[in-house]
Amino acid sequence: MHLWWTVAIMNLAGTFQVPAQASPKSGRTFSPCADSSGKPKFTKCRSPELETFSCHWTDGVRRGFKSPGSTQLFYIRRSTQEWTQEWKECPDYVSAGENSCYFNSSYTSIWIPYCIKLTSNGGTVDQKCFSVEEIVQPDPPIGLNWTLLNISLTGIHADIQVRWEPPPNADVQKGWIVLEYELQYKEVNESQWKTMDPVLSTSVPVYSLRLDKEYEVRVRSRQRNSEKYGEFSEVLYVTLPQMSPFACEEDFQFPWFLITIFGIFGLTMILFLFIFSKQQRIKMLILPPVPVPKIKGIDPDLLKEGKLEEVNTILAIHDNYKPEFYNDDSWVEFIELDIDDPDEKTEGSDTDRLLSNDHEKSLNILGAKDDDSGRTSCYEPDILETDFNASDVCDGTSEVAQPQRLKGEVDLLCLDQKNQNNSPSTDATPTTQQPSVILAKENKPRPLLTSGTESTHQAAHTQLSNPSSLANIDFYAQVSDITPAGSVVLSPGQKNKAGISPCDMHPEAVSLCQANFIMDNAYFCEADAKKCIAVAPHVEAESRVEPNFNQEDIYITTESLTTTAGQSGTAERAPGSEMPVPDYTSIHIVQSPQGLVLNATALPLPDKEFLSSCGYVSTDQLNKIMP
Amino acid sequence: MDNKGWSLKAGSLLFLLLLLSDLLLCKSVASLPICPSGAVNCQVSLRDLFDRAVILSHYIHNLSSEMFNEFDKRYAQGRGFITKAINSCHTSSLPTPEDKEQAQQIHHEDLLNVILRVLRSWNDPLYHLVTEVRGLHEAPDAILSRAIEIEEQNRRLLEGMEKIVHQVHPGVRENEVYSVWSGLPSLQMADEDSRLFAFYNLLHCLRRDSHKIDSYLKLLKCRIVYDSNC
């Protein structure tokens, strides 16, 4: 039994004509291999309601050739307990149409495997195995109808409800089979059907149909867990009532205009909110603040008003301006241009004027004679340039005379200072202030205190260019520092520039110390000064500069911080060798805050170690160190 | 700042909206009455029990169909399993109505028992199926996840059916009859082909039996609850 069954199964694969053994029941002889192209084949087997099923096959392409043996279908099914190995023939070849086999409910068992085979002249041509619950394809629903649900207010669209009945042979009432339905509709002249989602109920609403159009509707069903749908029902024609003449002719158009207006309005509101909330920031973005000239810590209005005394005071307080003194080279150039003729310089040097008893001249000079005004130095800063002729450089009497003469008129560094030293009073201070103001005005707009420095510097450089000329010694002193109090610390150069006028210097002491000084260094450190102190302790300077000098002194040299010995020393030097130690050297490089690198003038280069503690190194020195 | 306040407001409003929508959605979902666990006197109506049972059986059948199709697509192509899968399922020994007439003629109590038997018969195979599917070569997640789900739902359906039986036939307690499954060794065979065929067979049987149970339950529901007028 099982053997036959196995044989039947083996015949299933392929389309060849296998010389299979005929079923025992069949008495037909074995037929030769038929043409493979035209043999019958099963097309489908179908059960519409899970109670019956039918199978259909094709007849094969056999034109004008009638096979002697008709096609036969045999089936076999496995009953619950045992195999029915015998192939049974189809019980009904008619009910389902041509080339079909119909199995009614008595032959149908659900959940039981069936195998069917198609034979032609005894030879199996096709075989198939299945279970009935796998081949369920319900019939189409019947009784489609529709009802109007409502019409839209515009009178253009309408909703309808479509109803139908389940296929009659499907026993849904007893729940034997559960169906779901799918509806499709379209306009009459359209080609594409619109599909709706499957529903379990037998009625479904269709929305938004146009009143002036005709529609077609059809429904199909399938078993709920299956994938295959049954056939479509008949088409239902839906003719909606005509539009009323009072209905709107125009179709509903999207209100683009309104939306645009509202959109713009909304955006504007948001923009305004944004702007008002961030007013300050937007203002900054659109109109950035223009930087106005500003001096740190100084109210610009103060400058405008011209209260220069106040500004001076303020500036004096700030230490910040000190570096600025050394940064500006323009006045250097300015001065250099000025010096064309040493003779001329000699003639018109301020020193000469000052030294001479020519009051007017000196006054004029100091006032505004020279074009490069602003040279308000009083000291003879350039011992270099002079021959250290006491008479020239530091004519004690003359020098003394000069300051006295010029006391209240011109802002001479040393003179005023001397005066101040002599009579420490605040009287001089304003006097001092004033000339510097004048100078400042003539110069570039800079911190006022620096103007004094400028002038001194300018003068110094003029002197530098003519180192050999004694006459070129002007009363210029290099301002080396500015104290917080506002006093100017002058570099003594060869001479003391302390609050004592050069006239007070004692030439003897000067020369003594001079040799010890670093010649090519216009700036003397305290250390150097101290050396001088040791050399020439005797100081007969009239105005003794105490270590704690008068705070009101505007000009204080470095030496004044220590002693006045050096001063005298420098004076002595005058008759000695002509050592052109420039008090003023142009600044080569500013290495703030470490110091300055100065240009070397025509100086003898003493082979001395330069004083590193000074902080000031001339270029030559630098070159010596660094090859 | 204004912006911060505004954004905070907007966020809270959005949150409120979400909350509301969630509540509405939750409400719209048909909530079947549920007995709180531990309640003794809770009585869910037979209608609801059957509704739930039908939903579960339908769901199980869907899953097993999909699982079978996945397996067929993945492993059984070209192997000719379908021809061989006419083997008996282990539940074939149980007497079950094979067509509508038989199902209508059988008494609903008996039918309920049949359902129970079939469900019980599948407890063991489903459990082993889950563990053995993991051992399949490159088992797709679709098969594994469905196997796990089916096993769980089957247990729940069994519980539901026992409740129904208790309501329909209170007091009757039949001895638990079910057919034993002995296909585990075949699932663990070393030979790949044989093993795959065993799986194929099992899944085929599962699909068939789930459909059987689904049909029986729908029939019973219409008969008992709706008085044969679904």
Side-chain angles (χ1 to χ4, degrees), chain A residues 5-6 8-14 47 49-53 76-83 103-115 127-134 136 166 170-179 200 223-227 270 273-274 276-279 281, chain B residues 1-6 50 54 57-66 68-69 78 80 82-89 91-104 204-205 207-230:
Chain A
W5 181 243
T6 317
I9 291 164
M10 281 166 59
N11 284 335
L12 226 154
S47 169
E49 76 284 77
L50 210 64
E51 292 168 46
T52 67
F53 73 99
I76 193 166
R77 71 175 181 187
R78 185 187 180 281
S79 58
T80 51
Q81 302 299 335
E82 74 207 55
W83 274 109
F103 295 82
N104 59 17
S105 52
S106 58
Y107 289 97
T108 312
S109 300
I110 322 296
W111 304 299
I112 285 178
Y114 276 83
C115 279
Q127 222 167 9
K128 200 172 170 182
C129 287
F130 55 87
S131 282
V132 177
E133 76 272 10
E134 295 162 9
V136 176
D171 194 0
V172 286
Q173 217 169 27
K174 293 206 180 65
W176 180 242
I177 188 168
V178 178
L179 297 172
L200 286 175
Q223 196 193 23
R224 203 157 148 219
N225 284 337
S226 303
E227 291 169 0
I270 291 165
L273 273 168
F274 179 71
F276 284 130
S277 65
K278 295 199 176 181
Q279 206 171 18
R281 277 179 65 178
Chain B
M1 279 193 79
D2 283 349
N3 290 341
K4 229 182 179 180
W6 185 84
F50 264 109
V54 167
S57 68
H58 182 82
Y59 182 49
I60 290 167
H61 177 58
N62 258 351
L63 286 174
S64 52
S65 291
E66 286 167 10
F68 177 78
N69 290 337
I82 190 162
T83 63
K84 294 187 264 179
I86 321 296
N87 282 359
S88 59
C89 295
T91 51
S92 303
S93 58
L94 296 169
T96 56
E98 297 297 338
D99 58 15
K100 193 179 94 173
E101 288 88 11
Q102 288 179 24
Q104 280 177 321
H204 189 267
C205 287
R207 186 178 73 159
R208 197 197 73 172
D209 282 350
S210 61
H211 186 261
K212 228 191 236 188
I213 290 165
D214 190 36
S215 299
Y216 294 160
L217 272 172
K218 280 168 184 166
L219 200 70
L220 272 177
K221 184 179 101 167
C222 281
R223 204 201 286 186
I224 293 174
V225 177
Y226 296 98
D227 201 21
S228 300
N229 196 13
C230 281

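Just so it is clear: chains get the letters A, B, ... in the order the sequence lines come, proteins before strands, and each one is counted from 1. The figures that follow rest on heavy atoms only: side chains count, while hydrogens, waters and symmetry mates do not.
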- Query: What part of B/Y226 lies closer than 4.5 angstrom to a heavy atom of chain A: side chain, backbone, both or neither?
  - Reply: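 Contact with chain A is absent: no heavy atom of B/Y226 under 4.5 Å.
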
- What part of B/D209 lies closer than 4.5 angstrom to a heavy atom of chain A: side chain, backbone, both or neither?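 No part of it gets close to chain A.
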
Please state whether the side chain, the backbone, both or neither of [X] comes within less than 4.5 Å of a heavy atom of chain B.
{"X": "A/L50", "value": "side chain"}
{"X": "A/E49", "value": "neither"}
{"X": "A/S109", "value": "both"}
{"X": "A/V178", "value": "side chain"}

- Query: Given B/S210, which of B/S65, B/S64, B/S215 fulfils the side-chain hydrogen bond (donor to acceptor under 3.5 Å, both in side chains) condition?
  - Reply: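 That would be B/S64.
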
- For A/D171, all residues meeting side-chain contact (heavy atoms from CB on, under 4.5 Å), sequence neighbours excluded: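 Once residues adjacent in sequence are excluded, the partners of A/D171 under the side-chain contact (heavy atoms from CB on, under 4.5 Å) criterion are A/E51, A/Q173, A/K174, A/W176, B/K100, B/Q104.
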
- Pair B/K212 + A/E133: basic N to acidic O under 4.0 Å: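 Salt bridge flag = no for A/E133 with B/K212.
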
- Over 60° means perpendicular and under 30° means parallel, so classify the ring planes of A/F53 and A/Y114, tilted if in between.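 The rings of A/Y114 and A/F53 stand perpendicular, inter-plane angle above 60°.
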
- Partners of B/E66 by salt bridge (charged side-chain N to carboxylate O under 4.0 Å, His left out), sequence neighbours excluded?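 Counting only residues at least two positions away or on another chain, B/E66 forms a salt bridge (charged side-chain N to carboxylate O under 4.0 Å, His left out) with B/R146.
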
